[in-house]
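A short worksheet on the structure shown next.
In what follows, chains carry the letters A, B, and so on, assigned in the order in which the sequence lines appear, proteins first and then strands, with residues in each chain numbered from 1. What you see is a predicted model, and the numbers here were worked out from it, not measured in a lab.
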Amino acid sequence: MKYHFNEIEAKWQKYWAENQTFKAENNSEKPKYYVLDMFPYPSGAGLHVGHPLGYIASDIYARYKRHQGFNVLHPQGYDSFGLPAEQYAIQTGQHPALTTEENIKTYRRQLDQIGFSFDWSREVRTSDPSYYKWTQWIFIQLFNSWYNDDSDKAEDISELIKIFTSEGNLKVNAVCDDTIELFSAEDWNSFDSKKQQQILLQYRLTYLAETEVNWCPALGTVLANDEIVNGVSERGGHPVIRKKMTQWSMRISAYAERLLQGLENIDWTDSLKESQRNWIGKSVGASIKFKVKSLKFKVEEPTTNNQQPTTIEVFTTRPDTIFGVSFMTLAPEHELVSEITTPEQKAEVDAYILATAKRSERDRMADVKTISGAFTGAYVEHPFTKQPIPVWIGDYVLAGYGTGAVMSVPCGDQRDYDFAKHFNIPIPNIFEGADISEEAFSDKDKTIIANSDFLNGLSYKEATKKIIQELEKLGQGQGKTNYRLRDAVFSRQRYWGEPFPVYYVNSMPQMIDAKHLPIRLPEVEKYLPTETGEPPLGNATVWAWDTKQCSVVSIQLIDNKTVFPLELNTMPGWAGSSWYFNRYMDAHNEHEFASKEALNYWKDVDLYIGGSEHATGHLLYSRFWQKFLFDKGLVLVDEYAKKLINQGMILGTSAFVYRLNSNDFIKPVLFSKCFIEKVIKEEKSYTEYEEYKKHEKSLFNNVKKNHGVSMISSTVKSDWKHFSPIHADVSFVNSSDELDIEAFKNWREEFKDAIFITEIDNTYKVGREVEKMSKSKYNVVNPDQICVDYGADSLRLYEMFLGPLEQYKPWNTAGITGVHSFLKKLWKLYVGEEGLNVTGEEPSKDSLKTLHKTIKKVAEDIENFSFNTSVSTFMIAVNELTAQKCTSKDILEPFLILISPYAPHIAEELWSQLGHNESISTAPFPKFDASYLVESSKNYPISFNGKMRFTLELPMDFNAKQIEEAVMAHEKTQEQLQGRTPNKVIIVPGKIVNIVG
RNA sequence: GCUCAAGUGGCGGAAUUGGUAGACGCGCCGGAUUCAAAAUCCGGUUCUUCGGAGUGUGGGUUCGAUUCCCACCUUGAGUACCA
């Protein structure tokens with residue numbers, strides 16, 4: 001009986017589906033274990049061999065945990081809202097829901113054929129109304145919450161209203177907009193409803209605000225910072241400009257400190273935690289207020305009735321250097337710029353602002369070295385020396401960070417230093433013993449302050465502490481911690497996303513009552529923005545909220561009395577993926593996003609596997625939402641994933657043909673790899689060069705003869721080095737790098753008549769290079785064909801065998817024959833020509849040893865996520881058992897359980913052939929017994945000065961003295977020593993012998 | 001620039017606490033089987049001037065270093081005027 005993998009795999013995939021083998025129950029005697037893969041977006045291209053890598057690893061772990069007696073939750077679903085389906089809809093008119101449905105079908109078929117142990121009964125899709133109902137619901141909870149810094153958690157907005165009603169906002173310690181005005185209870189109660197709503201918006205965890213956004217005109221949408229790469233959109237590479245728009249934002253900044261601290265308690269990779277720390281960007285320093293002088297030496301008289309002079313607030317991490325301030329710099333966008341600029345400087349300042357606004361983010365980044373700025377004509381007063389300090393604007397100061405203003409200390413900050421040099425601003429030195437003639441001195445640890453009044457002689461730490469005290473006394477500053485983390489824009493001008501459960505009364509946003517959710521995505525004629533520049537939902541005809549009927553009605557009924565316009569933006573991609581891991585616990589609950597019982601049972605994800613590209617997007621936002629849900633008592637843990645592993649990317653091995661760049665040939669001329677290599681060698685080796693010249697001659701003669709080219713012009717020869725490598729589809733190339741010329745010719749019209757300059761043996765060899773796997777590089781390898789040719793078990797084993805899970809590694813289909821023939825050997829160990837080979841025979845000592853060392857190694861490997869080494873271990877074990885002619889059921893049966901997480905189909909089949917009626921999936925993992933590994937002797941490596949020269953078999957129970965005697969008496973020892981007496985003999989019993997001297 | 005990974009045969013990689021470097025597989029070479037091919041099986045495969053040398057380079061610690069320390073080089077990823 002042969003190993004018919006296709007039949008076996010189809011049979012067991014059907015069995016698992018029909019018997020719901022991997023369905024997880026929400027209550028069980030067994031301990032729980034939750035294994036999760038990062039949410040896939042079902043793209044139209046389907047899976048390539050790189051995608052399942054993480055899924056295979058998590059599947060092995062999930063199956064292993066079932067063998068260990070855990071109740072395993074291993075779900076899968078789709079992050080099915082997103083831009084590609086929408087862009088396809090724009091191009092073809094096909095509804096994104098249809099495209100998405102088809103893509104999901106393809107994905108599902110591909111996933112099923114690899115034999116994953118997913119519990120498909122819990123599948124979720126973010127674009128399904130029964131799912132996004134709860135995304136909308138969470139949005140409403142965020143809207144109805146504010147962040148109380150005193151209790152350090154989110155609280156209900158009704159609590160805040162109570163405080164406002166009874167005592168105003170003077171004592172409220174909340175995370176809110178910076179521009180909040182102070183009011184008393186009387187003020188609050190006298191405000192009209194609109195004003196009250198405006199104020200509350202400044203506190204809510206999701207709020208509507210005019211924000212400067214990254215607007216991409218080509219896509220007609222706003223992009224998040226992490227969707228922009230090098231100043232252009234990540235998708236499509238379109239230019240991005242800055243624009244002010246009214247947008248929903250998420251007050252993630254409220255959670256900055258907790259998101260940072262939370263990293264200490266989770267077992268995620270260090271590089272990922274580091275990225276999140278950088279992204280949160282905590283810096284400790286002080287905020288300092290500088291009073292603006294209208295005239296050069298006089299503080300401006302208060303003009304408003306609140307009796308406060310205009311001040312500029314700065315954030316600095318070096319308040320200790322305050323006596324080194326020689327100018328102030330504001331971002332050109334700073335709101336005080338127009339107010340403080342003097343009439344004489346107005347023209348210059350306006351021109352500068354205009355120039356910087358025109359420059360795209362990309363331009364600004366491209367030339368960081370160009371120093372530019374303008375003097376406003378205004379001065380501020382130094383809080384201690386009372387000296388005037390000129391105020392400049394410069395685009396090296398970012399409006400979005402800190403207060404958008406810096407106190408410039410050129411002696412201590414390189415950018416301030418460069419700016420001062422460029423504009424001839426004085427650079428006072430306030431550091432003892434520091435040389436600032438060439439560059440700024442920014443070493444905090446070596447700082448000793450000088451020329452700074454009461455700070456003289458102090459270190460950075462001492463001076464910082466002292467100056468903050470002094471600033472507080474003056475009421476002009478305090479210690480402050482700043483975070484780089486910005487509030488996240490939550491509006492997208494797109495169609496294919498979650499609609500907001502929001503309508504507008506008197507231009508103020510109102511939440512639709514949760515009981516009317518979901519608010520379904522309306523139908524539209526076109527998926528583009530409207531002619532007036534509104535988002536695609538502006539095309540919807542039935543998109544207004546009737547507050548009487550509590551339903552979505554035609555926009556023609558809008559009267560702004562009982563029928564109001566609905567929000568036209570949709571939510572971003574990260575909305576649905578920020579909480580899906582909780583939904584899997586209770587995927588079909590219609591009354592709650594998940595029941596208390598389910599949440600209490602599963603609690604959190606024990607193992608989360610996915611790509612590191614989500615480090616600062618999904619993985620930060622989802623932690624934020626989880627913390628919010630935790631504050632509201634809706635989930636039981638504030639970090640949802642205990643352990644997270646990043647799988648590395650599988651890279652493609654691209655194939656290249658080399659086209660000669662010459663106009664002398666009408667047809668493309670493609671050169672085989674050997675010529676290219678010779679060209680490279682040309683400069684290196686004379687003999688090679690001569691040989692190559694001979695080649696060249698016969699080559700061109702050949703070209704002339706076969707292709708009727710009568711002349712080779714001299715330009716061709718001078719252009720000889722100029723080849724263009726062109727990607728060839730890897731499916732035309734065999735394992736010896738030979739190109740299927742006919743297939744290549746038929747591939748694309750332009751190559752139909754191409755002239756191929758082959759190797760001497762008439763084969764055409766392609767060049768190879770490792771690159772990211774992508775359609776455009778024609779190096780994508782599809783798992784479907786591999787499953788047909790070698791089977792899913794081979795694919796699973798091979799993906800693991802390639803190398804460590806976390807590493808980047810190139811795919812090479814040729815190598816799969818190794819694991820495939822291993823599976824055939826495994827099969828043969830159990831099944832012979834006439835049927836099953838397995839007997840009730842007593843196992844041999846050697847076979848027991850093989851089994852138990854395999855149990856030990858495989859268990860350790862899985863615990864350490866070292867799946868590649870397990871595959872080697874299986875190979876070794878099968879080689880050994882075959883050599884031992886092992887037929888014993890006592891060995892072969894437990895061995896199947898070991899391999900079942902990796903190659904589940906073959907394991908199930910052989911398991912059933914051994915007479916089991918139940919699936920192998922929950923068979924208990926074999927127990928390791930160390931007694932089978934005890935050796936009676938050890939083959940000692942005998943080293944001389946650390947170099948191993950020979951080995952010597954000695955009894956295990958020899959002590960150091962006996963070993964030494966045996967070694968010294970050995971003839972090879974004497975041979976090595978050549979009469980010398982060793983200085984020292986190091987003996988580690990059971991390990992090594994090292995003779996020194 | 002900064003942060004984080006990683007550098008081992010022709011290739012993917014192994015060596016878990018410092019103790020026989022190159023396991024396992026691919027590829028390649030030789031052989032068996034076959035009319036032939038595929039498949040299968042067996043043997044070999046770091047380099048070598050056959051003394052040895054050897055884990056990116058140069059130092060160091062140690063009886064002993066792929067493993068620990070210092071400096072540097074290269075590659076990849078992330079981030080970037082963050083005050």
Is the distance between the ring centroids of A/Trp811 and A/Tyr798 less than 6.0 Å? yes
Does the ring center of A/Tyr61 lie less than 6.0 Å from the ring center of A/Phe865? yes
Take the protein atom [atom1] of [X] and the nucleotide atom [atom2] of [N], then report the distance between them rounded to whole Å.
X: A/Asn812; N: B/rC28; atom1: CG; atom2: C1'; result: 14 Å
X: A/Ile876; N: B/rA23; atom1: CD1; atom2: P; result: 10 Å
X: A/Met800; N: B/rA14; atom1: CE; atom2: P; result: 13 Å
X: A/Tyr940; N: B/rC63; atom1: OH; atom2: P; result: 21 Å
X: A/Asn939; N: B/rG19; atom1: CG; atom2: P; result: 18 Å
X: A/Met875; N: B/rG13; atom1: CE; atom2: P; result: 15 Å
X: A/Ile986; N: B/rA65; atom1: CD1; atom2: P; result: 12 Å
X: A/Lys273; N: B/rU3; atom1: NZ; atom2: P; result: 19 Å

If you check the [X] side chain, which of [options] turns out closest?
X: A/Arg949; options: B/rA53, B/rA83, B/rG13; value: B/rA53
X: A/Pro804; options: B/rA14, B/rG12, B/rC63; value: B/rA14
X: A/Lys824; options: B/rA39, B/rU20, B/rA83; value: B/rA39
X: A/Ser275; options: B/rC26, B/rA14, B/rG78; value: B/rG78
X: A/Trp279; options: B/rG78, B/rG12, B/rU79; value: B/rU79
X: A/Val406; options: B/rA83, B/rA15, B/rC63; value: B/rA83
X: A/Thr316; options: B/rA14, B/rG19, B/rA83; value: B/rA83
X: A/Ala814; options: B/rC82, B/rC26, B/rU20; value: B/rC26
X: A/Arg484; options: B/rU79, B/rC63, B/rG19; value: B/rU79
X: A/Glu274; options: B/rA83, B/rU3, B/rG13; value: B/rU3

Taking the [atom1] atom in each of [N] and [M], what is the distance between them to the nearest angstrom?
N: B/rG10; M: B/rU57; atom1: P; result: 14 Å
N: B/rU62; M: B/rC11; atom1: P; result: 36 Å
N: B/rC81; M: B/rC2; atom1: C1'; result: 13 Å
N: B/rG7; M: B/rA39; atom1: C1'; result: 39 Å
N: B/rG76; M: B/rG13; atom1: P; result: 16 Å
N: B/rG64; M: B/rC73; atom1: C1'; result: 27 Å
N: B/rU55; M: B/rA21; atom1: C1'; result: 7 Å
N: B/rA23; M: B/rG12; atom1: C1'; result: 13 Å

Which nucleotide, in any strand shown, forms a Watson-Crick or G-U wobble pair with [N], with both distances under 3.5 Å?
N: B/rU79; answer: B/rG1
N: B/rC41; answer: B/rG31
N: B/rG10; answer: B/rC26
N: B/rC72; answer: B/rG56
N: B/rU61; answer: none
N: B/rG51; answer: none

For [N], does either OP1 or OP2 sit under 4.0 Å from a side-chain N or O belonging to [X]?
X: A/Tyr401; N: B/rA83; answer: yes
X: A/Gln807; N: B/rG13; answer: yes
X: A/Lys947; N: B/rG64; answer: no

Might you work through the salt bridge (Lys or Arg N to Asp or Glu O under 4.0 Å) test for A/Lys849 and A/Glu880, ending with a clear yes or no? CA-CA 10 Å; A/Lys849 192 176 151 191; A/Glu880 286 180 2; over 6 Å; no
Which value, rounded to the nearest 0.5 Å, describes the distance between A/Leu805 atom CG and A/Asn868 atom CG? 8.5 Å
To the nearest 0.5 Å, what is the distance between CD on A/Gln476 and CD1 on A/Ile322? 8.5 Å
Taking for A/Gly815 and for A/Lys825 the nucleotide of RNA chain B with the nearest heavy atom, the one nearer the 5' end belongs to A/Gly815
More 5' along RNA chain B: A/Asn879 or A/Lys857, using each one's nearest nucleotide? A/Lys857
Students often get this wrong, so: under 4.0 angstrom with heavy atoms, is [X] touching a base, only sugar-phosphate, or nothing?
X: A/Ser943; result: nothing
X: A/Asp861; result: base
X: A/Thr817; result: sugar-phosphate

Does any donor atom in the side chain of [X] or [Y] lie under 3.5 Å from an acceptor atom in the other side chain?
X: A/Tyr401; Y: A/Ser283; result: yes
X: A/Asp416; Y: A/Tyr396; result: yes
X: A/Thr329; Y: A/Ser408; result: yes
X: A/Glu313; Y: A/Thr403; result: no

Got a donor-acceptor pair under 3.5 Å from the side chain of A/Glu860 to the base of B/rU16? yes
Report the glycosidic orientation of B/rG51: syn if within 90° of 0, anti in every other case. syn
Would B/rG9 be called syn or anti, given that syn covers angles within 90° of 0? syn
